Amino acid sequence: MKITNWGNYPVVDAAVHSPESVDELKKIVSSHPEMIARGLGRCYGDSSLNYTIVSTLRFNHLLAFDEQTGIIICESGVSFSELLEIFVPRGWFLPVTPGTKFVTVGGAIASDVHGKNHHIAGSFSNHLEWVKILLGDGSIVQCSKDENSDLFWSTCGGMGLTGIIVEASFKMLKIETAYIRQRVIKTKNLDETIEAFEANKYWTYSVAWIDCLAKGNSLGRSALILGEHATKNEVGYRYRNPLKIEKRMSIPFPFFLPNFVLNSQTVKIFNEIRYSAYVSKDSFVEYEPFFYPLDVISHWNRMYGKRGFTQYQFVLPKESSKEGLKKLLTKITESGEGSFLAVLKLFGKQEGLLSFPREGFTLALDFVISPTTLKLFNELDILVNEYGGRLYLSKDVRMTKDVFEKGYSNFNKFSNLKKKYDVQQKFQSLQSKRIGI
Amino acid sequence: MNSEKYILIIGAGSDIARPLAYLYAKAGYGIYLASRNIEKLNRDANDIKLRFNVETQAYKFDVTETAVHQKFYDSLPIKPIGVICLAGTLGEQKKSEQDFTKTKNVLEVNFSGLVSIIHIVANDLEQRKEGFIVGVSSVAGEKGRKSNYVYASAKAGFTTFLSGLRNRLFTSHVQVLTVHPGFIRTKMIEGRETLGIITASPEEVAKDIFIAQQSGKDFIYSKWFWRFIMLVFKMIPESMIKKLDLK
Ligand SMILES: Cc1cc2nc3c(=O)[nH]c(=O)nc-3n(C[C@H](O)[C@H](O)[C@H](O)COP(=O)(O)OP(=O)(O)OC[C@H]3O[C@@H](n4cnc5c(N)ncnc54)[C@H](O)[C@@H]3O)c2cc1C
Ligand SMILES: NC(=O)c1ccc[n+]([C@@H]2O[C@H](COP(=O)([O-])OP(=O)(O)OC[C@H]3O[C@@H](n4cnc5c(N)ncnc54)[C@H](OP(=O)(O)O)[C@@H]3O)[C@@H](O)[C@H]2O)c1
């Protein structure tokens, strides 16, 4: 079966197993020498690809929910979109969510995903009560910050390389409404953008859409978007049931766009339009457009055509963020390789051996995969390493072993733990082979 | 959490059962799940309860144990407003040709055992003058092929049974819906190569069933285009069919 993840590159012909129960899962794990777990395939590259894939999508039972504490227990294939549909009307929200709701709980743990609230709430692992993992020897081990903590910290952010996550428990966030009180602040350049992040860090959610084609004095101009869960009092009089939102249709992107449609000209126009479309103001918006603006169009990745695309996401330490961002942004604008999407965000502190976040700024840019962009990435890699930063494994499809090791100083510790828990080296992906873990 | 209307799913071990139960639970129905693998059903029942806050119960039930069908039905605390039969087994054609006990099981699971439980439900609904009966048969039942004619003939019998029952229950306002799926991506055909675009997901079939039942239909194909595939297939005369190497 041909399988590819969100970036449509690479495509592999893989045997996909979709177990429904732990017994079936154990049989698959014991009868194959090598495999990798896969959820909804929303990583961009090859993190969940190998020639044997264990899909968790039929492994999606809810197991328990405590209405008092908001603590949920579920299987790893349950998706965030299912959880939102079930729990938002009951007054609960995800403690941390990435920019798409089409991820599984297992994928969220393995990538230790971050949201717009990282500076306040940390990453997803921060909200886990415990995780149960099926190891290569067929045993199921429960781990948490206090129990088998070395396994816990290598599994959160561990890209599926310690074993297959079967169940997890985490605490949902109590909300009064399904709305977000949003504030938009427009900035004229990078300095202003960074200042605005600092000045507004008490907001729970913050993210900036950066116009990555603006040059010179306007380099780094952005629309900073801030948000708080709206209270009943704030919106109460407007909506009869403030937890209920009319279901919207998602519009499918119907086909792969011919490659010539997206070029530096159209991307520039798009960035212009988007920057000017934002006006500095306060408003109430539904949670979906706030958190998942792109999910409205399913398969928007087809917009990039069949050649595939990737996201270049790096984080720089706080001390070097400003200078580093300027350097990297200049390099990108000079290259003329437009990025459709460029998102800037401030991270707080973070644990986890391979977890991506660390205190500082992270920038994510989407690019079509081509010889020129690949060359640009190599140049950016050097700068990222120089400034002490690293790239997000979940978005990566081309990072070298060297760049990985320079960015993730705990990689040795991780490798040793992987050897301890995955003695037979059963859990491997195309990515893990490339970067040598 | 108190549901007034219940549906009974026979053969709830099918991959179609959970997506189907979700649709009914969302519409406020309570759910009875019945088939042999009770551990699986308990896990499913708990999941459905947590998701939709509706009463859900799992029952160990074997279509072939007809002697206890009445007792099973009597034990349901609130009688269902509808029954949906998903139970079925493909069996192994080659083995069925040699061993009648194998053949008998295929006939019972796909046909005679279902007749037993459906008649019990039908008699109750007929008296109550309400409700529905959904039988999932198969396009396979429309024409025999050497690769699966034991299964196919049981499905043919089941389809004919349902059409007669529909006729009988018409005056009692009981709906009888026959569903003819084509290929469905379930464990029944796992490992077999089927053409991707004509193979439906269990979710799609569940949705087709739910919509057809709620809108009072008698018969559907799932997916809809099988109607045309079968139309063409059935036009080929037997004199030609017999010569084909039909898989
Ligand atoms: C539009 C878009 C926006 C995004 N925004 C963000 C964002 O804001 N923040 C962020 O952090 N990420 C973001 N992502 C990335 C995404 O959140 C991660 O890639 C996530 O891991 C995808 O989950 P998945 O279920 O699709 O897993 P997959 O993509 O299938 O797999 C991802 C990794 O998880 C592992 N894995 C999956 N399930 C299991 C399991 N049960 N046990 C063990 N390992 C498992 C896989 O082996 C693989 O290494 C975004 C992605 C997209 C497409
Ligand atoms: N898959 C296809 O391509 C396809 C095509 C056309 C029609 N269909 C029909 O669609 C229906 C659902 O099939 P499916 O594809 O979901 O197949 P399936 O996965 O094999 O499901 C059928 C279910 O029937 C139950 N069952 C089998 N024998 C039973 C018995 N003696 N008593 C009680 N329950 C029994 C099993 O559950 P337990 O193990 O828990 O008992 C099983 O899960 C069947 O009627 C099938 O014939 C399928």
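FYI, side chains are in, hydrogens and waters are out, and symmetry mates aren't considered; it's all heavy atoms of this structure. These numbers come from a predicted model, not from an experiment. Order of the sequence lines fixes the chain letters, A, B, ..., with proteins taken first and strands second; residue numbering starts at 1 for each chain.
Only the side chain of A:Glu75 comes within contact range of chain B, with at least one heavy atom under 4.5 Å from a heavy atom of that chain. In this structure, the portion of A:Arg90 lying under 4.5 Å from any heavy atom of chain B is its side chain and not its backbone. For chain A, the nearby parts of B:Asp44 are the backbone and the side chain; heavy atoms of each come within less than 4.5 Å.
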Could you please spell out the steps behind the side-chain contact (heavy atoms from CB on, under 4.5 Å) verdict for B:Phe225 and B:Tyr221?
-> CA-CA 7 Å; B:Phe225 48 73; B:Tyr221 281 101; over 6 Å; no
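The pair A:Glu167-A:Lys132 meets the salt-bridge criterion, with a side-chain N (NZ, NE, NH1 or NH2) lying under 4.0 Å from an Asp/Glu carboxylate O.
The salt bridge (charged side-chain N to carboxylate O under 4.0 Å, His left out) test applied to B:Lys71 returns no partner, not counting sequence neighbours. Under the salt bridge (charged side-chain N to carboxylate O under 4.0 Å, His left out) criterion, A:Asp23 pairs with no residue at all, not counting sequence neighbours.
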